[in-house]
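Both ligands and their constituent atoms are indexed starting at 1 by order of listing. Counting begins at 1 with the first residue of the sequence.
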Amino acid sequence: MTVRFVTSNAGKVAEAQDYLEGIDTVEQVAYDYAELQSDSLEEIVVRGAEEAYAALGSEEPVLVDDTGLFVDALEGFPGPYSAYVEDTLGIERVWRLASEEQSTRARFRTVLAYADGERTETFEGSVAGTLVAPRGEGGFGYDPIFEYNGRTFAEMDTEEKNAISHRGRALAEFADWYAGR
Ligand code: ITT
């Protein structure tokens, strides 16, 4: 069975395909589920996955991913509003804001929701790092300003990023559960 990854973000799909290779195929599906205005990534993905599954019809399960970048010294900003802030301020200004604080520690957090019409399950992953001036050509989104062990996520290939990242950890949990369900 194919898992339909409901997202507008091809970067997320590439990481899931790489991670789930040999377990199942992942197909990107465009469906603009109503993104709940909420502080909780869980609430956003659960609603999104159930809505998408019902709207898309057919049997294949769906996967929805909501991710946020949480800057410690900025009380978790931009968090669930990370997509809006990337579009409006841009990642370089997020780094500048953080660099005026005592600490540039930040964390990525991903919650994945799987829905197949019978059940909805969530899987979570997070990673801590520091924000730096943009470096690297790989990845997407905030990757160029997120440094982990001396390299930004944009300086890693998909496999290296998946081995340590928020999404890689959530995908690991999902893969375990999916294989044994
Ligand atoms: P969908 O909602 O259609 O899945 P999106 O890109 O809007 O796509 P999110 O709301 O989950 O998805 O993303 C929040 C923001 O975080 C957005 O600006 C992404 O580019 C960024 N982002 C998500 N995952 C990331 C990652 O692994 N590395 C860097 N930035 C990431």
Side-chain angles (χ1 to χ4, degrees), residues 3-20 26-53 55-56 62-71 74 76-95 97-98 106-115 122-132 134-148 151-172 174:
V3 176
R4 296 176 293 176
F5 200 153
V6 183
T7 179
S8 60
N9 189 323
K12 292 181 177 180
V13 182
E15 291 176 10
Q17 278 168 339
D18 195 273
Y19 200 95
L20 298 173
V26 179
E27 175 197 349
Q28 180 171 3
V29 172
Y31 172 73
D32 201 10
Y33 57 88
E35 206 163 293
L36 201 69
Q37 194 77 354
S38 166
D39 288 346
S40 154
L41 300 181
E42 279 84 359
E43 223 179 310
I44 295 169
V45 283
V46 165
R47 292 272 209 101
E50 289 176 351
E51 183 190 322
Y53 185 84
L56 289 167
V62 298
L63 206 54
V64 167
D65 165 317
D66 201 33
T67 296
L69 176 71
F70 299 78
V71 181
L74 299 176
F77 173 87
Y81 309 104
S82 296
Y84 175 74
V85 170
E86 186 191 343
D87 289 346
T88 51
L89 297 185
I91 66 167
E92 177 137 8
R93 282 175 72 190
V94 173
W95 165 66
L97 276 176
R107 167 177 299 274
F108 272 121
R109 188 161 168 262
T110 289
V111 183
L112 289 174
Y114 163 98
T122 58
F123 308 91
E124 189 197 323
S126 72
V127 61
T130 50
L131 298 192
V132 296
R135 289 196 328 259
E137 304 298 322
F140 63 93
Y142 292 90
D143 283 344
I145 63 166
F146 190 87
E147 190 183 70
Y148 179 90
R151 281 191 303 158
T152 69
F153 276 0
E155 293 173 321
M156 301 179 186
D157 65 27
T158 303
E159 209 172 316
E160 289 172 311
K161 181 182 165 191
N162 265 342
I164 50 172
S165 77
H166 47 303
R167 182 165 300 99
R169 287 170 179 165
L171 285 166
F174 168 68

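- No donor-acceptor contact under 3.5 angstrom links the side chains of Arg135 and Thr152, judged on distance only.
- Taking a cut-off of under 4.0 Å to the non-hydrogen atoms of Thr7, the atoms of ligand 1 that pass are 1 (P), 3 (O), 4 (O), 8 (O).
- Contact annotation: the side chain of Tyr19 never approaches that of Ser165 to less than 4.5 Å [non-hydrogen atoms, C-beta and beyond].
- Residues Ile164 and Glu160 fail the side-chain proximity criterion, which asks for heavy atoms closer than 4.5 Å.
- Compare Phe5, Tyr142, Tyr84 by their heavy atoms: the one nearest to atom 30 (N) of ligand 1 is in Tyr142.
- The atoms of ligand 1 that sit less than 4.0 Å from any heavy atom of Asp65 are 4 (O), 11 (O).
- In this structure, the side chains of Gln28 and Thr7 come closer than 4.5 Å at one or more pairs of heavy atoms.
- Each of the atoms 26 (C), 28 (N), 29 (C) of ligand 1 lies under 4.0 Å from some heavy atom of Asp143.
- Taking distance alone, with nitrogen or oxygen atoms compared against 3.5 Å, Lys161 approaches ligand 1 more closely than that limit.
- Counting only heavy atoms from C-beta outward, the side chains of Gln17 and Phe5 never approach each other to under 4.5 Å.
- Looking only at protein heavy atoms, the nearest one to atom 6 (O) of ligand 1 is Asn9 ND2, 2.9 Å.
- The protein heavy-atom contact nearest to atom 19 (C) of ligand 1 is Glu86 OE1, 3.6 Å.
- Using a 4.5 Å heavy-atom cutoff, the side chains of Lys161 and His166 are in contact.
- Counting only heavy atoms of the protein, atom 2 (O) of ligand 1 lies nearest to Glu35 OE1, 3.6 Å.
- Contacts between Phe146 and ligand 1, counted as non-hydrogen atom pairs separated by less than 4.0 Å, are absent for every part of the residue.
- Side-chain contact between Leu63 and Phe174 is present, with at least one heavy-atom pair separated by less than 4.5 Å.
- For atom 22 (N) of ligand 1, the closest non-hydrogen atom of the protein is Phe140 CE1, 3.8 Å.
- At the top of the distance list for atom 9 (P) of ligand 1, counting protein heavy atoms only, stands Lys12 NZ, 3.5 Å.
- Scanning all protein heavy atoms for the shortest distance to atom 7 (O) of ligand 1 gives Ala83 CB, 3.7 Å.
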Go through Asp143 and Phe108 one step at a time and tell me if the side chain to side chain contact (heavy atoms under 4.5 Å, CB included) criterion holds.
CA-CA 10 Å; Asp143 283 344; Phe108 272 121; 4.3 Å; yes
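- Near Asp66, meaning under 4.0 Å from one of its heavy atoms, ligand 1 places the atoms 9 (P), 10 (O), 11 (O).
- The single protein non-hydrogen atom nearest to atom 14 (C) of ligand 1 is Thr67 O, 3.2 Å, given as residue, atom name and distance.
- Closest to atom 24 (N) of ligand 1, if we only count protein heavy atoms, is Arg167 NH2, 2.8 Å.
- You'll find the side chain of Asp66 stays beyond 4.5 Å of the side chain of Val111, heavy atoms only.
- Which parts of ligand 1 touch Ser82 is read off a 4.0 Å heavy-atom cut-off, strictly below it: atoms 14 (C), 15 (C), 16 (O), 18 (O).
- Within the 4.5 Å cutoff, no side-chain heavy atoms of Thr88 are placed close to those of Tyr81.
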